[in-house]
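Each remark here refers to the structure printed beneath this line.
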Amino acid sequence: MSTQTTAPDSTGQTRIAQRRTYLMCRPEYFTVSYTINPWMEPANPTDTELAVRQWQALYDTYISLGHEVHLIDPIEGLPDMVYTANGGFIIDGVAYGAKFRYAERQPEGPAFMEWFAANGFTVADPEAVNEGEGDFLLAGDVILAGTGFRSTDDSHRELERVFGKDVVSLTLTDPRFYHLDTALSVLDPVQGENGVERANIAYLPGAFDEASRRLLEERFPDAIHVSDDDGAVFGLNSSSDGYNVIISPRAKGFERQLRERGYNPVMVDLSELLLGGGGIKCCTLELRR
Ligand code: ARG
């Protein structure tokens, strides 16, 4: 893909689109048949065909932006498998497997690990309960790791051991934002002092406890603070290639904030998948070789 750059924004930074490789899962068996987060209401009907069409629009968007997308086969009876972000966490060809908190999703863990192994990744078998990139986000040289609802503190220590990177633990407190990727989005890497790689991020302050908010404030003083309204429509559950940021069309304020900083927001509506409590980022797992 030709790298797109824009004119530097007011902070003097230039946005650069980087080619990404993702893993997705077509929601052929998508439905809401159990409740493991406040968005899921089995009594509300779901439209699987609409979910597939909306998902396809996200897939097509990635392809048209020049990204590479791999697919894992959906498994009947695992309706949440479409949320591939939870399937693991991968850096430099090493895939730390997921160990799901709730019984309904537990069979997904081995299914994803099998796919990683079959596709040339070194699999690190998880000991601690963790839900992959739903709770772990690579931000420059550090891993931001969520806890409070799904992934445990122990998984943060395991992450540190597997990848040898600093892990910054953040505690989520609002049950609507039960995975880190519903409350925080990594936008692009920034070259900091002494070759340390930092990152630009956006987050919803109200989703975190006091101590985590302070940590975020210290480490990311320039972060975009997203409004409660944009957070509540899963505006932060977005995926960025450094320039193009795929977001929900409902996150109007976030769209404006991104434009002001020189990013290119691209709107994709996954309303049907929101019935399961997931959005754009949830349907996207980054494969870093
Ligand atoms: N129904 C799924 C669950 O509760 C949704 C997962 C959303 N994934 C995410 N990365 N936030 O586990």
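Note that ligands are numbered from 1 as they come in the structure, with each ligand's atoms numbered from 1 the same way.
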Sorted by chain and number, the residues that approach ligand 1 to under 4.0 Å with a heavy atom: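 Contacts of ligand 1 under 4.0 Å: I36, N37, M40, D80, Y83, A85, N86, R105, G134, R150, Y178, H179, D181, T182, G276, G277, C282.
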Pair W39 + F234: ring centers closer than 6.0 Å: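 They qualify: ring centres under 6.0 Å apart.
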Going by distance alone, is a donor N or O of one side chain under 3.5 Å from an acceptor N or O of the other, for [X] and [Y]?
{"X": "H156", "Y": "E158", "value": "no"}
{"X": "D188", "Y": "Y263", "value": "yes"}
{"X": "T171", "Y": "T147", "value": "no"}

Donor-acceptor under 3.5 Å (H67 side chain, R20 main chain):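 Looks like yes, one N/O pair under 3.5 Å.
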Shared hydrophobic cluster, Y83 / L71 (ILVMFWY, side-chain heavy atoms < 4.5 Å):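 Linked, Y83 and L71 end up in one cluster.
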